[in-house]
Amino acid sequence: MADEEAKKVVLDKSDFLNWYNDVVDVSFLCDKRYPIKGMNVWTPYGWKIMQLMDASIRRECDATGHQEVCFPLLIPKTEFQKEADHIKGFDSEVFWVTKGGNNELDIPLLLRPTSETAMYPIFSLWVRSHNDLPLKTYQIVNVFRYETKMTRAFIRVREIHFFEAHTCHKDAEDAEMQIREDCAIMDRVARDLCLPYILTRRPDWDKFAGAVYTIGVDTLLPSRRTLQLGSIHQYHENFARPYDIKYEGSDKQHHYAHQTTYGMSERMVGAVIGVHGDNKGLILPPAIAPFQFVIIPIPAKGKLEQVMDGARALEKELIALGHRVHLDARDVRPGSKHYDWEIKGVPVRIELGPRDLENGTLVFARRDLSTKRTVKRADLKEEALKELKDIEGELLSRAKAIIDDGIRRASTVEEAKEHLSKGWDGIIQTGWCTDMDCAAEMEKALDKAFLGYPLKDVASGELLFSDGQCMICGKPTKDVVYLGRSY
RNA sequence: GGGGCUGUAGGGUAGCAUGGUCCAUCCUAGCUGCUUGGGGUGCAGUUGACCUGAGUUCAAAUCUCAGCAGCCCCA
């Protein structure tokens, strides 16, 4: 099937999970027919979106002094086992390589589920003195996790296109600064995706295996369930000790490095699909749309060549202006081109026909609002920029509206149920005394899981506190928690 | 982790209960030709499939078992 063509189905976003599968299918972002569970093929169009997201991440990492590296895919079992909590966390979901040719391997190798245990033995060689710090690295590679639950394109897969930053610092304070920088990077990347998000510190039982604490970055889908965009981890010396990452300080003493990591994945593609898409298909934010403009020529008898010449000139000019453009020159009717590119989420379709050639105009069709307007050909530069900016603004404000109505406060179970009884099923903000029994009872009463402790804002990294009471036992507490449901 | 359902051309389906009617139905997409062209043109012709393996049987798309894959529900 040619990449340009889209299939016909009836999309219904009110049935979110089916809608999601259908929209991935018809927009053909990946080919799910590869015969291994949870391993899909990236199509040219889907891969381009991922690459543009990667480019956004690379730009931000490079600008903040990170260096891109690439570590091997295989990790010896012996290295993997050095940090106890880490093993426990990943044990059940690693793929093992146990044979080379016909020979059993002496030391089994595993496909990285994440790269701590691949990188840190080498970090211990790289980090010698305080002059080597901070060490800020990242890589964009595939990781493997043996998911036993049902897989879902981009959201739960076994081969994951993954970004991971790994840093080493001289002390805890420097590592904290890194985490704040990570939040700032997240903020800029999320802006490209037009996705607002929620920052929470995960509860202890839900933190990354081996971390001191984990900050989760979640966006909210229209179904008011969360989808994780990324996570940021503070390790302190937890990995530096078993992997012996030490440096000699200016005090001539040897110290363990303090480490952080930051992860994001192809799940962001899932989030963009889920948050922005509608019953006509995808809606892509301009920053990551493979084509920001698609030109649809409207031919007429005897004027085909003139129209095509005009279309080619228009294409050339838009490219020169720095936009990603596609001229759809297929010999099919214009109407079917509209449908095809609508499904694929192209922000702006530009019609150019004989009338436009005569009048010196173009017709802009916006994907997000489904509106058309006529613009002067002479104003192309300004109009093109304005259109993309307007679309970004519209997508962001729609997504913000989902989050704004997605979190509600409740100090008692009754109050929470009051919210939930009206068909609203979002995130509940409440107080928690930190007692585990209360946590379990809370999750059960609300039929939701702990998301974590919300952060006050991106810049400070501080938690949001308030004078409240535990939802279950009523004891006074300053701790504020979010409970919700996730994909 | 437990349970249920499903697997037929690129996609969607009929056939399966009661094995033979099926070198397998229809829609769509593909290909060839003509026609058409500001939101899914129309006509004619045409290519293409029973998930894999084992079993039962004179005979398997259809029954049995296993594997693989997909979907759903519950914990």
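Bear in mind that the values here come from a model prediction, so they are computed numbers and not experimental data. In what follows, every heavy atom counts, from backbone to side chain, and hydrogens, waters and symmetry copies are set aside. Protein chains get the first letters and strands the later ones, always in sequence-line order, with residue 1 at the start of each.
Side-chain contact check for A:Tyr120 and A:Glu83: no donor-acceptor pair (N or O, by modelled atom type) lies under 3.5 Å. Between the side chains of A:Glu351 and A:His338, at least one donor N or O lies within less than 3.5 Å of an accepting N or O. A:Asp192 and A:Ser56 share a side-chain donor-acceptor pair at under 3.5 Å.
Using P as the reference atom, B:C22 and B:G15 are 15 Å apart when rounded to the nearest Å. Spacing between B:C16 and B:A61 at atom P, rounded to whole Å, works out to 14 Å. Spacing between B:A59 and B:G1 at atom C1', rounded to whole Å, works out to 43 Å. Using C1' as the reference atom, B:A29 and B:G40 are 13 Å apart when rounded to the nearest Å. Separating the C1' atom of B:A24 from that of B:U32 is a span of 26 Å, rounded to the nearest Å. Nucleotides B:C63 and B:U56 have their C1' atoms positioned 8 Å apart, rounded to a whole Å. Going from the C1' atom of B:G19 to that of B:G12 covers 27 Å, rounded to whole Å. B:A9 and B:G48: their P atoms are spaced 14 Å apart (whole Å).
A cation-pi arrangement is present between A:Arg201 and A:Tyr213 under the rule of less than 6.0 angstrom and at most 45 degrees off the ring axis.
In this structure, the ring of A:Tyr453 has its center no less than 6.0 angstrom from the ring center of A:Tyr482. Here A:Trp42 and A:Phe154 bring their ring centres to under 6.0 angstrom of each other. Within the 6.0 Å centre-distance limit, the rings of A:Phe208 and A:His86 are counted as a close aromatic pair.
OP1 or OP2 of B:G38 lies within a sub-4.0 Å distance of a side-chain N or O belonging to A:Arg333. Taking side-chain N and O atoms only, A:Thr148 has a distance below 4.0 Å to OP1 or OP2 of B:G1.
In this structure, CG of A:Asn21 is placed 11 Å from C1' of B:C72, rounded to the nearest angstrom. Whole-Å rounding puts the A:Asp447 CG to B:A75 C1' distance at 12 Å. Atom P of nucleotide B:G1 and atom CD of A:Glu147 are separated by 11 Å, given to the nearest angstrom. Spacing between atom CD of A:Glu342 and atom C1' of B:G40 amounts to 11 Å, rounded to whole angstrom units. Between A:Ile36 atom CD1 and B:A69 atom P the separation is 8 Å, expressed in whole Å. The interatomic distance linking A:Ile155 (CD1) with B:C71 (P) rounds to 12 Å, in whole Å. Rounded to whole Å, atom P of B:G40 lies 11 Å from atom CD1 of A:Ile298. A straight line from NE2 of A:His338 to P of B:G40 spans 9 Å, rounded to a whole angstrom.
With hydrogens and angles ignored, no donor-acceptor pair closer than 3.5 Å exists between the side chain of A:Lys337 and the base of B:G38. Side-chain to base pairing of A:Asp331 with B:G37: one donor and one acceptor N or O lie within less than 3.5 Å of each other.
If you check every strand for non-hydrogen atoms under 4.0 Å, A:Lys149 touches a base. At a threshold of 4.0 angstrom between heavy atoms, the contacts of A:Arg33 are confined to the sugar-phosphate backbone, with no base atom among them. Residue A:Lys280 is out of contact with every strand shown, counting any heavy-atom pair closer than 4.0 Å. Contacts of A:Arg152 with the nucleic acid, taken as non-hydrogen atoms under 4.0 Å apart, involve only primed sugar atoms and P, OP1 or OP2. Within the 4.0 angstrom heavy-atom criterion, only backbone atoms of the sugar-phosphate kind lie near A:Gly38; the bases stay farther away.
Remark: A:Arg373 engages A:Glu387 in a salt bridge, criterion side-chain N to carboxylate O under 4.0 Å. One finds no salt bridge joining A:Lys337 and A:Asp340 here, because no Lys/Arg side-chain nitrogen approaches an Asp/Glu carboxylate oxygen to under 4.0 Å.
Annotation: of the two residues near RNA chain B, A:Arg355 and A:Lys32, the 5′-most nearest-nucleotide partner is A:Arg355.
Listed candidates were B:G39, B:G38, B:G70. Nearest to the side chain of A:Pro354 is B:G38. Of the candidate nucleotides B:C72, B:U41, B:A69, B:C72 has the atom nearest to the side chain of A:Leu17. For A:Pro299, counting side-chain heavy atoms from C-beta on, the closest listed nucleotide (B:G39, B:G37, B:G70) is B:G37. Residue A:Met150 has its side chain nearest to B:C71 when only B:G40, B:C71, B:U36 are considered. For A:Asn18, taking side-chain heavy atoms from C-beta onward, the closest of the listed nucleotides B:G70, B:U36, B:C72 is B:C72. Checked against B:A69, B:G39, B:G37, the side chain of A:Arg158 finds its nearest nucleotide in B:A69.
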With a 3.5 Å cut-off and sequence neighbours excluded, list the donor-acceptor pairs that the side chains of residues 358-366 of chain A form with protein atoms.
unit_1, atom_1, unit_2, atom_2, d
A:Asn359, ND2, A:Arg355, O, 3.2
A:Thr361, OG1, A:Asp356, OD1, 2.9
A:Arg366, NE, A:Asp368, OD1, 2.9
A:Arg366, NH2, A:Asp368, OD2, 2.7

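Around the NZ atom of A:Lys48, the shell of radius 6.0 Å holds no more than 12 heavy atoms that belong to other residues, nucleotides or ligands.
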Only Watson-Crick and G-U wobble pairs with both distances less than 3.5 Å should count. Give RNA chain B in dot-bracket notation, marking inter-strand partners with |.
(((((((..(((.......[.....))).(((((.......)))))....(((((..]....)))))))))))).

Run A:Asp379 and A:Lys386 through salt bridge (Lys or Arg N to Asp or Glu O under 4.0 Å) and show every step you take.
CA-CA 11 Å; A:Asp379 300 336; A:Lys386 176 185 178 326; over 6 Å; no

Using a 4.0 Å heavy-atom cut-off to protein, can you give one letter per nucleotide of nucleotides 44-50 of chain B, 5' to 3': B if the base is in contact, S if only the sugar-phosphate is, - if neither?
-------

